[in-house]
*Asks:* 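Quick one: the structure is below, and I'll ask about it shortly.
Values reported hereafter were calculated over all heavy atoms of this structure, with side chains retained and with hydrogens, waters and symmetry mates removed.
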Amino acid sequence: MEADEPVHLPGLSRVAVCGGTHGNELSGVYLVREMLKLKRKATEMTQEKDEEGMSVLMVLSNPRAIQQCRRYIDADLNRCFTHATLNDSTSDAAPYEMIRSQELNSMLGPKGTKEAVDLICDLHNTTANMGLCFIGYSDSDWICLHIFQHLKRQMPDIPMRFIHFDVSSKESYSLDSVGKHGFAMEIGPQPHGVVRSNTYTAMKVGVQHVLDWVRFFNSGTVFEGGFVDVFTMVKNIDYPRDSSTHNITAAIHPHLQDRDFCLLHPQDPLFQTFSGETLRYKGSEPLYPFFINECAYYEKGIALSLARKKRVMIPAIRVQTNDDKQASEQGFVSEEEE
């Protein structure tokens with residue numbers, strides 16, 4: 001293959017946009033509700049494909065948690081999509097989110113099969129000052145990386161980063177991992193249980209650009225290659241805690257608060273104890289902090305996460321056509337005949 005020739009990838013005929021995986025992250029809840037309302041008006045509740053051969057399924061992922069405006073009812077739904085959890089036997093007494101994850105897997109998957117939807121965009125809010133982030137399990141999924149680059153070009157006024165969690169397919173735990181391709185769109189800062197118009201609008205515009213990109217791709221548009229900065233998660237850091245009560249004894253240092261993705265160097269201020277002492281970062285290398293002081297992560301023992309940044313080269317891509325398939329098959333036959 002010529003170096004400049006695009007990589008041919010299968011079309012994306014089935015796309016899912018999910019909101020409310022965490023029931024108190026309200027931008028995605030209200031956006032999916034609005035999309036469902038518009039869909040009903042436009043198509044009278046049909047799931048017909050548009051002119052580019054794409055159907056869009058809108059899903060409110062955790063309806064019970066949404067109803068109560070809570071992150072979850074029994075367990076964090078966005079940790080319930082590992083291979084083991086999805087294949088575990090359940091009963092009526094099982095945690096609600098475990099049952100719901102298997103329902104969603106039946107609806108959008110099954111995970112890891114050819115029947116799974118082609119792309120899942122799962123909508124989230126964070127209380128951290130992270131701008132708009134894509135979070136995915138691969139740093140070589142050309143579809144997701146190209147969509148991310150498209151949004152960066154279309155929304156230049158919004159800070160955007162691509163976060164990579166280096167986790168295997170079986171151990172990947174979030175809803176977006178059910179699709180053939182998938183990512184979480186995480187936007188903040190926004191308090192949980194609150195919807196801010198600017199955050200909601202950024203998410204709405206971002207989702208529209210995602211769907212536009214898929215239509216362009218399916219129609220045969222060639223997307224040129226380039227470079228993407230990817231932040232690969234290295235580790236989490238917990239708050240300092242009292243050894244007997246396990247209560248936290250410090251907060252994020254004022255010099256670090258709201259400085260997500262600003263390089264943290266060894267000996268930089270990290271925490272400030274409640275008695276006023278500065279605790280410094282003891283790591284051996286500079287890393288990029290994110291999810292700084294995320295409200296929902298207090299229960300998980302995470303004060304912030306740290307990542308390394310690397311530049312990934314992505315190839316040019318275009319949709320694989322029937323002619324491509326036939327040419328490939330004919331080429332294979334001719335080689336056999338030779």
Side-chain angles (χ1 to χ4, degrees), residues 20-27 62 64-82 85 94-98 124-131 133 135 163 165 167 171 173-174 184 186-196 199 231 233-308:
T21 300
H22 294 135
N24 59 357
E25 296 178 11
L26 296 188
S27 293
N62 194 335
R64 290 190 189 176
I66 292 168
Q67 185 179 32
Q68 298 185 32
C69 197
R70 294 170 53 182
R71 182 174 176 85
Y72 55 79
I73 300 301
D74 297 319
D76 190 338
L77 178 61
N78 217 36
R79 301 297 184 271
C80 290
F81 293 92
T82 63
T85 301
Y96 167 67
E97 278 79 11
M98 181 178 289
H124 290 264
N125 290 123
T126 174
T127 62
N129 186 33
M130 287 170 52
C133 294
I135 303 177
I163 301 170
F165 287 176
V167 178
E171 296 302 317
Y173 48 76
S174 54
E186 186 93 46
I187 305 184
Q190 177 173 280
H192 297 321
V194 169
V195 60
R196 293 179 50 167
T199 307
F231 294 83
M233 202 275 279
V234 175
K235 62 181 177 179
N236 298 315
I237 295 180
D238 192 9
Y239 296 92
R241 295 182 182 271
D242 183 276
S243 58
S244 58
T245 66
H246 205 56
N247 292 331
I248 67 172
T249 58
I252 296 293
H253 195 280
H255 290 175
L256 178 60
Q257 182 62 51
D258 298 326
R259 291 178 57 81
D260 296 75
F261 298 103
C262 295
L263 197 60
L264 181 68
H265 295 87
Q267 298 305 312
D268 280 351
L270 184 58
F271 297 107
Q272 187 175 78
T273 69
F274 297 135
S275 61
E277 179 187 359
T278 293
L279 304 180
R280 298 183 179 275
Y281 172 50
K282 300 298 185 183
S284 59
E285 63 175 313
L287 294 170
Y288 291 87
F290 64 100
F291 279 128
I292 297 174
N293 203 17
E294 161 59 47
C295 168
Y297 287 176
Y298 276 70
E299 69 177 28
K300 298 182 186 300
I302 298 174
L304 70 156
S305 301
L306 293 171
R308 291 190 188 96

*Asks:* Roughly how far apart are C133 SG and D260 CG, rounded to 0.5 Å?
*Replies:* 8.0 Å
*Asks:* Identify the two heavy atoms, one from P286 and one from P266, that lie closest to each other, and give their separation to 0.1 Å.
*Replies:* N-CD, 3.9 Å
*Asks:* Salt bridge or not for E294 and K300, using N-O below 4.0 Å?
*Replies:*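 Looking at E294 and K300, the cut-off is not met.
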*Asks:* Less than 4.5 Å apart, side chain to side chain, heavy atoms only: is that true for F271 and I252?
*Replies:* yes
*Asks:* For L26 versus C69, what's the shortest heavy-atom pair and its separation?
*Replies:*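 Between these two residues, the closest heavy atoms are CD2-SG, 4.2 Å.
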*Asks:* Do N125 and S27 pair up side chain to side chain, a donor and an acceptor below 3.5 Å, judged on atom types alone?
*Replies:* yes
*Asks:* For K282 and Q267, run side chain to side chain contact (heavy atoms under 4.5 Å, CB included): C-alpha distance rounded to whole Å, both residues' side-chain angles, the deciding distance at 0.1 Å, then the answer.
*Replies:* CA-CA 6 Å; K282 300 298 185 183; Q267 298 305 312; 4.1 Å; yes
*Asks:* Would you compute the distance between atom CG of L77 and atom CZ of R64 and round it to the nearest 0.5 angstrom?
*Replies:*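 Result: 12.0 Å between the selected atoms.
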*Asks:* Using 30° and 60° as the class limits, which term best fits the ring planes of H124 and H22: parallel, tilted or perpendicular?
*Replies:* perpendicular
*Asks:* Are H265 and E285 close enough that some pair of their side-chain heavy atoms sits under 4.5 Å apart?
*Replies:* no
*Asks:* Between OG of S174 and CG of N78, what distance do you get to the nearest 0.5 Å?
*Replies:*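 Going from OG on S174 over to CG on N78, the span is 5.0 Å.
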*Asks:* Can you see which heavy atom on M98 is nearest to which on C80, and at what distance?
*Replies:* N-SG, 4.4 Å
*Asks:* What are the two closest non-hydrogen atoms of T85 and T82, and how far apart are they?
*Replies:*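 In terms of heavy atoms, the two residues are closest at OG1-OG1, 3.0 Å.
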*Asks:* How long is the gap from CD1 on I73 to CD on Q67, to the nearest 0.5 Å?
*Replies:*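 So the gap between those two atoms works out to 8.5 Å.
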*Asks:* Are the side chain of N129 and the backbone N or O of D258 linked by a donor-acceptor pair below 3.5 Å?
*Replies:* yes
*Asks:* Indicate yes or no: at least one non-hydrogen side-chain atom of Q272 is less than 4.5 angstrom from one of E277.
*Replies:*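 Of all side-chain heavy-atom pairs linking E277 with Q272, none is under 4.5 Å.
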*Asks:* On the 0 to 90° scale, with breaks at 30° and 60°, tag the F261-F231 ring pair as parallel, tilted or perpendicular.
*Replies:*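 Answer is perpendicular, since the angle exceeds 60°.
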*Asks:* Donor-acceptor pair, E97 side chain versus D76 backbone, under 3.5 Å?
*Replies:* no
*Asks:* So L279 and T273, do their side chains get closer than 4.5 Å, heavy atoms only?
*Replies:* yes
*Asks:* Would you give the length of the straight line joining atom CG of D238 to atom CD1 of I302, rounded to the nearest 0.5 angstrom?
*Replies:*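 One gets 8.0 Å once the value is rounded to the nearest 0.5 Å.
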*Asks:* To the nearest 0.5 Å, tell me how far I135 CD1 sits from M130 CE.
*Replies:* 5.0 Å
*Asks:* Any non-hydrogen side-chain atom of F165 less than 4.5 Å from a side-chain atom of I163?
*Replies:*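 F165 vs I163: side chains touch.
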*Asks:* I need the single residue from F290, Y239, F291 that forms a ring pair (Phe, Tyr, Trp, His ring centres under 6.0 Å) with Y297. Which is it?
*Replies:* F291
*Asks:* Is any side-chain heavy atom of R280 closer than 4.5 Å to a side-chain heavy atom of L270?
*Replies:*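 Result no, sub-4.5 Å side-chain heavy-atom pair not found.
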*Asks:* Which atom names give the shortest non-hydrogen contact between P240 and A250, and what distance separates them?
*Replies:*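 Looking at all heavy atoms of both residues, the closest pair is CG-CB, 3.8 Å.
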*Asks:* In the structure I gave you, are the side-chain heavy atoms of T127 and P189 within less than 4.5 Å of one another anywhere?
*Replies:*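 The answer is no, as the side chains (C-beta and beyond) never meet within the 4.5 Å cut-off.
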*Asks:* Compare all side-chain heavy atoms of L256 with those of Y281 and state whether any distance is below 4.5 angstrom.
*Replies:* no
*Asks:* So, for G301 and R241, which heavy atoms are closest and what is the spacing to 0.1 Å?
*Replies:* CA-NH2, 3.8 Å
